[in-house]
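Along the sequence shown, the residues carry numbers beginning at 1. The shown structure was predicted, so the numbers you read here are calculated from the model rather than taken from an experiment.
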Amino acid sequence: MRLVNMASMSVKHGLLSTKSSLHNKILPYFICIQRPTEVKCLRASTNSSNQHNEKYCIDLVRSRDYDGFLSALLLPEAARRSALALRAFNVELAQVKDSVSQKTIGLMRMQFWRTAVEEIYRDDPPLQPISTELWKAARTHTLTKRWLLRIISEREKDLEDRAYRNLQELEAYSENTQSSLLYLLLETIGIKDVHADHAASHIGKAHGIVTCLRATPYNSRRRRVYLPMDICMLHGVSQEDFIRGSREQNVRDVVYDIASQAHVHLQHARSFSKSVPAAASAAFLQTVVLEDYLQRVRKVDFDVFHPSLQKRNPLLPLQLYFRSWKETY
């Protein structure tokens with residue numbers, strides 16, 4: 001009798017041990033069988049969390065990158081959510097520079113995102129809306145990790161908070177940020193084409209240059225000037241001229257030279273249009289926004305401080321839709 005009891009205890013002990021070791025694996029299925037009500041609650045909670053993450057990205061992009069938001073809405077439905085996640089990621093990194101009081105804090109934020117990207121590709125993303133959405137995008141479209149890390153590294157360098165030494169330095173920054181984002185957007189719509197990549201490279205550079213011009217009034221009010229120093233020196237313009245909001249001819253000449261380089265990149269990008277797959281044009285709708293700004297700054301004789309340049313073009317959504325319908329960029 002004692003032997004039977006001992007054997008019984010041994011068996012029970014083994015079962016408890018086995019149950020403990022397999023608890024995490026069996027529990028979800030156990031719940032599915034035994035507690036259907038709880039399963040419904042868990043599913044509802046998961047769906048709610050997914051909706052929250054998606055809404056967070058949408059709201060962030062809509063408030064901080066409205067042009068990019070409109071462009072993302074015109075992408076194929078299968079790519080739209082992933083594109084918004086990528087744009088939210090880009091916005092989050094871009095606003096670090098202006099949202100921190102010390103460079104050290106900015107570096108910590110960048111390190112968080114570098115670690116987050118590594119964890120995303122290990123299928124263990126942080127519980128944060130953008131990183132969760134980015135993880136889904138990476139799994140759905142097999143996004144290239146290198147482009148994400150390159151954006152982080154370049155944004156990190158930009159924390160130095162100094163003017164670009166020359167136009168080539170601004171172009172390199174634009175390539176590593178805006179062009180890298182375009183490479184990822186192309187992946188969301190399944191485009192892998194060398195001509196599309198060449199076009200994306202030039203569009204990204206044009207985008208970075210135009211963004212630098214558009215932000216000049218805002219930065220000048222904060223006593224910061226990031227325009228290339230070589231072009232400023234060429235025309236005898238100091239940073240103080242921009243801080244004072246000068247509209248002198250030599251200041252306009254600086255803006256003309258920089259805007260002209262953005263236009264050149266747009267022309268180069270369009271020179272590939274016959275070789276680029278028509279579907280890729282959906283990722284390049286930002287050219288409509290860039291072209292709109294360059295036309296408006298030309299109309300005000302390259303006065304970067306003109307009030308009209310700070311207003312949105314009300315016809316822009318229609319222009320974007322028309323360009324997407326034509327499948328051109």
Between S99 (side chain only) and V96 (backbone N and O only), is there a donor and an acceptor less than 3.5 Å apart?
yes
Who clusters with W325? Use side-chain heavy atoms, under 4.5 angstrom, across I, L, V, M, F, W and Y, and order the result by chain and number.
F322
Around atom CZ of R222, are there more than 12 heavy atoms from other residues, nucleotides or ligands closer than 6.0 Å?
yes
All heavy atoms of V300 vs all of R252, minimum pair found to be O-NH1, 3.4 Å
Can you list, by chain and residue number, the hydrophobic cluster partners of M108 when the side-chain cut-off is 4.5 Å?
none
Evaluate S271 against Q267 for side chain to side chain donor-acceptor pair (under 3.5 Å), listing each step before the verdict.
CA-CA 6 Å; S271 70; Q267 293 300 103; over 6 Å; no
In terms of relative ring orientation, are F272 and H198 parallel, tilted or perpendicular, with 30° and 60° separating the classes?
tilted
With rounding to the nearest 0.5 angstrom, report the CZ to CG distance, R146 to L148.
10.5 Å
Main-chain N/O of F305 paired with R247 side-chain donor or acceptor, under 3.5 Å
yes
Correct closest heavy-atom pair for P317 and P314 would be CD-O, 3.5 Å
Distance alone, cut at 3.5 Å: any donor-acceptor contact between the side chains of E54 and N50?
no
Connected-component partners of L318 among ILVMFWY, side-chain separation under 4.5 Å:
L315
Heavy-atom count around Y256 OH within 6.0 Å, excluding the residue itself: above 12?
no
Please, which pairs that meet ring-ring contact (aromatic ring centres under 6.0 Å, His included) have at least one residue in residues 209-250, sequence neighbours excluded?
none
State whether the side chain of K97 and the backbone N or O of D158 hold a donor-acceptor pair below 3.5 Å, judged by distance alone.
yes
Stepwise, does the side chain to side chain donor-acceptor pair (under 3.5 Å) test hold for D241 with S238?
CA-CA 5 Å; D241 290 325; S238 67; 3.3 Å; yes
Look at the side chain of S201 and the backbone N and O of D197, then say whether any donor-acceptor pair between them is shorter than 3.5 Å.
no
Spell out, as yes or no, whether a donor-acceptor pair under 3.5 Å connects the side chain of E187 to the backbone of T144.
yes
Is the shortest side-chain heavy-atom distance between R224 and D161 below 4.5 Å?
yes
Do you know which two heavy atoms are closest between A88 and L60, and how far apart they sit?
O-CD2, 3.7 Å
Is there a donor-acceptor contact under 3.5 Å linking the side chains of R155 and N90?
yes
Can you give me the closest heavy-atom contact between L159 and L107, atom names plus distance?
CD1-N, 3.8 Å
May I ask you to check whether Q261 and E171 show a side-chain donor-acceptor distance below 3.5 Å?
yes
With no hydrogens and no angle check, do the side chains of H268 and H202 hold a donor and an acceptor under 3.5 Å apart?
no
Heavy atoms of other groups near R114 CZ, more than 12 under 6.0 Å
yes
Judged by modelled atom types alone, do T188 and H141 share a side-chain donor-acceptor pair under 3.5 Å?
no
When you compare the side chains of Q128 and T132, does any donor N or O come within less than 3.5 Å of an acceptor on the partner?
no
Do F284 and W147 sit in one hydrophobic cluster, given that two such residues count as connected whenever their side-chain heavy atoms are within less than 4.5 Å of each other, even indirectly?
yes
Identify the two heavy atoms, one from P129 and one from C57, that lie closest to each other, and give their separation to 0.1 Å.
O-SG, 4.3 Å
Which residue pairs pass the ring-ring contact (aromatic ring centres under 6.0 Å, His included) test with at least one member in residues 83-130, sequence neighbours excluded?
F89-W113
Rounded distance (nearest 0.5 Å) linking atom NE2 of H265 with atom OG1 of T287:
15.0 Å
Can you list, by chain and residue number, the hydrophobic cluster partners of L316 when the side-chain cut-off is 4.5 Å?
I58, V61, Y66, F69, L70, L73, L74, L84, L285, V288, V289, L320, Y321
Will you find, in the side chains of E175 and S179, an N or O donor that is under 3.5 Å from an N or O acceptor?
yes
Sub-3.5 Å donor-acceptor pair from the side chain of R165 to the main-chain atoms of P228, do we have one?
no
If you look at every heavy atom in P277 and I191, which pair is closest and at what distance?
CB-CD1, 4.2 Å
